[in-house]
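In each ligand, atom 1 is the first atom listed, and ligand 1 is the first ligand listed. Because the structure is predicted, anything quoted here is derived from the model rather than measured. Just the heavy atoms: all of them, side chains too, but no hydrogens, waters or symmetry mates, feed the values below. Counting begins at 1 with the first residue of the sequence.
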Amino acid sequence: MDQFKALWIDKLADEKPTATFKEISLDDLSEGDVVVKLSHSTVNYKDGLCLAGNPGVLRKTPMVPGIDVIGEVVSSQSPDFKNGDQVIMNGFGVGEVHTGAFAQYARLKSKWLIKRPEGLSAAHAAAIGTAGYTAMLCVMALEDYGITPDKGPIAITGASGGVGSVALSILSKLGYETIAFTGRMQEETFLKQLGASEVRDRASLSEKGRPFAKEQWAGAVDVAGSHTLANLLAATKYGGAVAACGLAQGADLQTTVMPFILRGVALLGVDSVQASLQKRQKAYDRLLTDLDMNRLEALSTTIKLEDVPEYAKAILEGKVRGRLIVDIEG
Ligand code: NDP
């Protein structure tokens, strides 16, 4: 492994960062006690932001982007991992401040790794990736708040995207009635195949609305933020909750306290990046039982490492459907 292929982002002086493929060595990677040979990765919205040079994500250059690592340990100084162990790593600033996944090898801190569960293939782990594992965290947050299927439907925004499509698949398998919001009504059949009870145009949530609206759903998984999140809160039933994880529409949130103080609605923040290993392990165990792997395959597209820049651009334009699997050796 003297030299291997990596997507490399560099920034010269005041210029815009540029991403190019180049041959690098382990010495070019950030410090860590475990080296992983990648079999797969994926492209998330955040990877799109990183390749576009968004300074909130690309926090250090030069950088190997890629926030999800799926592969095999080939060298370890940690007593917790040995050569041949199959591992998963999502987040922890990898691909942002620590060299990441769009390369044949990654050097990582063992405290970030979980062992890939028995029964979960490397390709399925990539299809899940940060987006899918975050979808599971959102569902767990709603469950922890007591939102059971008998309480009423769950609204899901960005339903054709990564977090949304996986959340929809999980919730429908768990027996929830689901309302999928999308800007791509042409995907209605696809979303119904994933289990959507109803598909609605996201435009109905996009504009500034009233602070208090007719009660429509017991819970929601929101990837959009901004007016969408405010409108979701305004139409959440008494005692319901909204799990918020994203900012696809915007990072702002203009709302009032009315849904909170008159309906006891809760806003549940979901973060995947710094979640504890225990929580991650629980999420993956749940994904094994509560995500239909046939549906996961139906919502996934496999691409090659060379295709990453093209798809990173497309994901920011809302043109990627479901999840992407990057076959590193493909
Ligand atoms: P994707 O790009 O795969 O999906 C996002 C979807 O949001 C799009 O496909 C589109 O779906 C919808 N969307 C796009 N623009 C808008 C808009 N203006 N208003 C409403 N909906 C819109 O991204 P991911 O699923 O990977 O990530 C979704 C969000 O969640 C991102 O903001 C990401 O940063 C965040 N995230 C946060 C995590 C955390 O730890 N908190 C972890 C993972 C993701 P459609 O066409 O169906 O409307």
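Here's the thing with G322: none of its N/O atoms is less than 3.5 angstrom from an N/O atom of ligand 1. Note: no N/O pair closer than 3.5 Å links T134 and ligand 1 by distance alone.
Contact check for E143 versus L174: side-chain heavy atoms found under the 4.5 Å cut-off. At a threshold of 4.5 Å between non-hydrogen side-chain atoms, the residues L137 and C245 do not count as touching.
For ligand 1, the atoms sitting less than 4.0 Å from at least one non-hydrogen atom of L247 are 32 (O), numbered in the order shown with element in parentheses. Per-residue contacts place G162 under 4.0 angstrom from the following atoms of ligand 1 (heavy atoms of the residue considered): 1 (P), 3 (O), 4 (O), 25 (O). Those atoms of ligand 1 that come under 4.0 Å of a heavy atom in G246, given as number and element, are 29 (C), 30 (O), 32 (O), 35 (C). Which parts of ligand 1 touch V223 is read off a 4.0 Å heavy-atom cut-off, strictly below it: atoms 7 (O), 28 (C), 29 (C), 32 (O). Residue contact check: S160 has heavy atoms under 4.0 Å from atoms 47 (O) of ligand 1. Here is the list of ligand 1 atoms found below 4.0 Å of a heavy atom in S272: 39 (C), 40 (O), 42 (C). Atoms of ligand 1 found under 4.0 Å from any heavy atom of G183, numbered from 1 in the order shown, are 45 (P), 46 (O), 47 (O), 48 (O). Atoms of ligand 1 lying under 4.0 Å from at least one heavy atom of T130, given by number and element, are 42 (C), 43 (C).
Side-chain atoms of E187 and S160 form no donor-acceptor pair, as typed in the model, at a separation below 3.5 Å. Under the 3.5 Å distance criterion, with hydrogens and angles disregarded, no donor-acceptor pair is assigned to the side chains of D68 and T42. Side chains of H98 and E31: no donor on one and acceptor on the other come within 3.5 Å. Side chain to side chain, S226 and D252 meet the donor-acceptor criterion of an N or O pair below 3.5 Å.
Atom CD of Q278 sits in a sparse spot, with 12 or fewer heavy atoms from other residues, nucleotides or ligands closer than 6.0 Å. Within 6.0 Å of CD in E317 there are more than 12 heavy atoms belonging to other residues, nucleotides or ligands.
A heavy-atom separation below 4.0 Å is found between D271 and ligand 1. Using a 4.0 Å heavy-atom cutoff, R202 is listed among the residues neighbouring ligand 1.
Residue L49 does not touch ligand 1, judged by heavy-atom distances below 4.0 Å. At a heavy-atom distance under 4.0 Å, only backbone atoms of A159 (N, CA, C or O) approach ligand 1. Here V163 has heavy atoms under 4.0 Å from ligand 1 in both its backbone and its side chain.
Residues Y133 and L113 fall within the same hydrophobic cluster, defined by Ile, Leu, Val, Met, Phe, Trp and Tyr side chains chained together at heavy-atom separations under 4.5 Å.
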